[in-house]
Amino acid sequence: MLLLAVAAALVTVASWLPWRPTQVLGDEAFPFTVEGHALTVADGDSFDFEADEPIAGQVRRLTVRLHAVDAPELVQRHAAASRSALAELTGGRRLTVSCYKRDARARAVCRVAVASAEVDIERILLQRGLAWHYRAYVGEQAAGDRVAYAAAEAQARAARRGLWSDEAPMAPWECRQRLRTLRSCR
């Protein structure tokens, strides 16, 4: 009975949220760079994006995954702060997304910057201690970015900012592995 009540509440809440479907781009569309704006932020490293014009003549709305950071999973401490920071950094701003591939969940993997100021959103998340430098994919980063992102994370660790204020924060890739085996990330 409780489960039905929770499900009904979730459906009700979901109906209040603005729904804008995103679409999946074919592999032939990559790479591309386009400007637009964030629609909704899912977590600390992904958001729904609307391009100013159709991408490769196909779609305007897609889900973007930040290319070089990994934010806490929604069940982890600091997830809300990370999500809020990404919403603050993207909200109401024109963004430039430079996307180069699709990930396993069909999200466009992109470098994201504020269009007018060339502000690197991922580096800011690292500087604030709200994400990990996603070292599994450093080979996909430009050499200068690799160095800058590693330095930003190291500075946040040294200053014990954000998630680095915890004694031993669990990396999101470790949390995902634990969740696959039905274990807690806490």
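Side-chain atoms are counted along with the backbone in the values below, which use heavy atoms only and exclude waters and symmetry mates.
Among pairs with a residue in residues 146-171, those fulfilling ring pair (Phe, Tyr, Trp, His ring centres under 6.0 Å) read W132-W164, H133-Y149, at least two apart in sequence or across chains. Sorted by first and then second residue, the pairs that involve residues 69-78 and meet side-chain hydrogen bond (donor to acceptor under 3.5 Å, both in side chains), not counting sequence neighbours, are R65-D70, D70-R176, E73-R176, R77-D166, H78-D166.
Checking side-chain atoms of R83 against main-chain N and O of V41 turns up a donor-acceptor pair under 3.5 Å. D45 contributes no side-chain N or O that, together with a main-chain N or O of L66, makes up a donor-acceptor pair within less than 3.5 Å. A distance-only check finds no donor-acceptor pair linking the side chain of R111 to the backbone of S98 [under 3.5 Å].
D48 has its side chain out of reach of V64: every pair of non-hydrogen atoms, C-beta onward, lies at least 4.5 Å apart. You'll find the side chain of L25 reaches within 4.5 Å of the side chain of I55, heavy atoms only. H37 has its side chain out of reach of R93: every pair of non-hydrogen atoms, C-beta onward, lies at least 4.5 Å apart. Counting heavy atoms from C-beta on, the side chains of C110 and H67 never come closer than 4.5 Å. For the pair L62 and F49, the minimum side-chain heavy-atom distance is below 4.5 Å.
Cluster membership for V75 and L86, using ILVMFWY side-chain heavy atoms within less than 4.5 angstrom, is not shared.
Its side chain outside the 4.5 Å cluster rule for every partner, V147 clusters with none of the Ile, Leu, Val, Met, Phe, Trp and Tyr residues.
For the pair A131 and L163, the tightest heavy-atom approach, listed with the atom from each and the gap, is N-CD2, 3.7 Å.
By the side chain to side chain contact (heavy atoms under 4.5 Å, CB included) test, R102 pairs with V24, D27, F30, sequence neighbours left out. A search for side chain to side chain donor-acceptor pair (under 3.5 Å) contacts involving Y100 returns E140, not counting sequence neighbours. Residues forming a side chain to side chain contact (heavy atoms under 4.5 Å, CB included) with T181 (at least two apart in sequence, or on another chain): Q177, R183.
For the residue pair Q58 / E28, a side-chain donor-acceptor distance below 3.5 Å is found, with atom types taken as modelled.
Annotation: R180, atom CZ; neighbour count of heavy atoms from other residues, nucleotides and ligands within 6.0 Å is above 12.
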